[in-house]
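Here is the structure we will look at, set down as structure tokens.
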Amino acid sequence: MDRRSQINDYLAGRLSAEEASELLQWINSAEGKRFLEDETEAVWDQEMMGDTDLGWDDQAVWEKIRSADRLGFNQPALKNKEKAVLVPAWLKWASSFVLFALIGYQLFSVYQRQYIDEGQPMAAADWVYRYNPPGQKSKIQLSDGSFIYLNADSKIEFAKDFTNNRYVKLEGEAYFSVAKDSLHPFVVESQGIQTRVLGTTFNISAFSTEDMVQVTLVSGKVELEKIGSSETIIMHPGEEMLLSQDENGFIKREVDVRRRISWTSGILEFEDAPFQQMIDILERWYGVEFKIHGTFPKALSSGTFGKDETLENVLDVLSSSIGFKYEIDNSHVTIDFM
């Protein structure tokens with residue numbers, strides 16, 4: 001089988017869902033990875049010889065690479081005035097293609113599990129994927145006029161034909177401003193919980209590292225339902241629900257919704273948060289990794305930090321109130337309790 005031609009057909013959208021699935025599984029196999037390594041070496045050899053004709057559909061490749069960039073797989077911003085390193089064009093091409101191939105298999109596996117309201121499976125090409133790495137947030141406008149504010153370390157998937165299929169899958173945190181459409185309900189699935197609305201604004205926090213899904217209603221009206229259960233819960237503005245797919249029941253409480261969605265304005269806020277939760281938020285917010293030495297404090301902490309507040313300033317405040325020393329080394333932070 002001519003894998004180059006098959007990959008060109010895939011990039012051009014000429015493969016069926018079954019053919020694309022077989023190709024992407026092969027790319028992720030040991031044989032496929034060896035193939036990509038060989039192609040990378042070929043790029044090197046051809047670059048040194050001044051010949052860049054490798055038999056690929058260059059336009060299709062670059063379209064996929066640009067698509068991957070739009071999905072949020074961008075180079076992180078340099079910190080502490082690090083100097084940029086110039087990368088040869090051939091290495092950028094090879095790295096981008098390998099990244100596309102490996103990501104492609106993961107996305108296709110996810111897409112295979114997605115269904116529209118009618119229960120019919122949708123092909124991979126019918127879905128759009130957006131991901132924000134730690135330290136990055138974004139605002140997304142959907143074709144129906146709705147807006148999604150996607151937090152750091154969060155991802156969503158939605159149908160290309162969103163006007164008729166208003167279905168979103170969320171992992172992480174997002175704030176939704178939903179355009180009214182009585183004929184097409186807006187549904188968000190997050191960790192086995194479905195939130196169904198007609199037109200409203202609400203926030204959902206559903207990180208994979210946390211057990212509970214947190215839904216906060218700002219305006220309008222929403223209906224919550226556990227997938228596989230016939231029980232539904234109606235929410236009203238100012239209410240917040242904590243639900244788990246693995247446990248029965250829920251926690252309902254009234255909250256200050258403005259504080260819950262302050263992150264969309266770049267404000268970092270903790271409210272009676274345990275230390276580990278604060279660390280998780282800081283890792284996502286600033287795109288860093290923490291290493292903790294010593295015993296976590298049991299006390300809960302609260303605090304509000306303005307827009308564009310530096311990590312150093314946040315840690316200065318927290319270290320004074322909680323009692324620890326810290327050291328920042330690029331994207332790594334070490335905390336030592338006194």
Side-chain angles (χ1 to χ4, degrees), residues 24 67-74 76 99 102-117 121-122 124 126-142 146-160 162 165-178 186-197 201-217 222 224-229 240-247 250 260-261 263-264 273 276-277 279-289:
L24 292 173
S67 296
D69 289 339
R70 287 195 296 269
L71 297 184
F73 298 97
N74 300 315
L99 175 64
L102 296 179
I103 290 172
Y105 175 69
Q106 295 173 346
L107 294 187
F108 191 86
S109 298
V110 174
Y111 293 146
Q112 284 182 311
R113 296 193 298 268
Q114 303 306 310
Y115 294 84
I116 58 177
D117 288 341
M122 297 182 69
D126 295 329
W127 287 88
V128 179
Y129 176 92
R130 293 288 185 268
Y131 170 69
N132 283 343
Q136 179 178 316
K137 305 175 187 66
S138 63
K139 179 182 179 181
I140 302 164
Q141 182 174 10
L142 302 174
S146 299
F147 286 92
I148 299 178
Y149 297 79
L150 189 63
N151 208 342
D153 194 22
S154 301
K155 56 186 177 183
I156 58 171
E157 301 160 46
F158 55 89
K160 277 188 176 180
F162 192 78
N165 300 304
R166 302 207 304 171
Y167 182 89
V168 178
K169 186 166 185 179
L170 165 70
E171 182 177 324
E173 184 170 21
Y175 172 73
F176 298 83
S177 178
V178 179
F186 191 107
V187 179
V188 181
E189 179 187 338
S190 48
Q191 293 195 38
I193 305 298
Q194 281 192 344
T195 304
R196 181 182 298 267
V197 303
T201 54
F202 60 100
N203 192 83
I204 298 180
S205 180
F207 289 99
S208 58
T209 55
E210 300 176 0
D211 297 331
M212 305 292 284
V213 175
Q214 182 186 68
V215 181
T216 309
L217 183 58
V222 302
L224 304 181
E225 178 182 349
K226 291 184 180 180
I227 295 178
S229 171
E240 182 172 88
M241 294 287 187
L242 297 177
L243 310 96
S244 172
Q245 176 65 11
D246 300 325
E247 299 179 6
F250 58 90
R260 284 290 187 269
I261 64 173
W263 66 267
T264 64
Q276 182 59 59
Q277 183 182 25
I279 292 301
D280 292 341
I281 293 174
L282 290 175
E283 286 185 329
R284 293 192 292 262
W285 194 272
Y286 291 102
V288 297
E289 182 178 351

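Atoms CD and CG, on Q194 and L243 in that order, are 12.5 Å from each other to the nearest 0.5 Å. For the atom pair S146 OG and I140 CD1, the distance stands at 12.0 Å (nearest 0.5 Å). For the atom pair CD of Q191 and NZ of K169, the computed distance is 10.0 Å after rounding to the nearest 0.5 Å. Atom-to-atom distance recorded for R130:CZ and S154:OG is 14.5 Å, nearest 0.5 angstrom. Taking CZ of F186 as the reference point, atom CG of L142 lies at 5.5 Å (rounded to 0.5 Å). Rounded to the nearest 0.5 angstrom, I156 CD1 and S190 OG are separated by 12.5 Å.
You'll find the side chain of R166 reaches within 4.5 Å of the side chain of V178, heavy atoms only. Side-chain contact between L282 and V288 is absent, with no heavy atoms from C-beta onward closer than 4.5 Å. Looking only at side-chain heavy atoms (C-beta outward), E240 and L217 stay at 4.5 Å or farther from each other. No side-chain heavy atom of Y149 sits less than 4.5 Å from a side-chain heavy atom of I261. Between R284 and E173 the shortest side-chain heavy-atom distance does not fall below 4.5 Å.
Not a single donor-acceptor pair under 3.5 Å links the side chain of Q214 to the backbone N or O of S205. When atom types are taken as modelled, the side chain of K226 and the backbone of S244 share a donor-acceptor pair closer than 3.5 angstrom. At distances below 3.5 Å, not a single donor-acceptor pair connects side-chain atoms of N165 with backbone N or O atoms of A159.
In this pair, F176 and F202 present their aromatic rings parallel. The plane angle is below 30°, not in the 30 to 60° band.
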**Request:** Could you give me the CA-CA distance, side-chain angles and deciding distance for N132 and N151, then say whether side chain to side chain contact (heavy atoms under 4.5 Å, CB included) is met?
**Result:** CA-CA 7 Å; N132 283 343; N151 208 342; over 6 Å; no
**Request:** Report the C-alpha separation of F162 and V168 in whole Å, then their side-chain angles, then the decisive distance to 0.1 Å, and conclude whether the side chain to side chain contact (heavy atoms under 4.5 Å, CB included) test is met.
**Result:** CA-CA 9 Å; F162 192 78; V168 178; 3.6 Å; yes
**Request:** Walk me through it: do N203 and W263 pass the test side chain to side chain contact (heavy atoms under 4.5 Å, CB included)?
**Result:** CA-CA 11 Å; N203 192 83; W263 66 267; 3.1 Å; yes
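Taking the ring centre of F147 as origin, the terminal cationic atom of K139 falls inside the region bounded by 6.0 Å and 45° from the ring axis.
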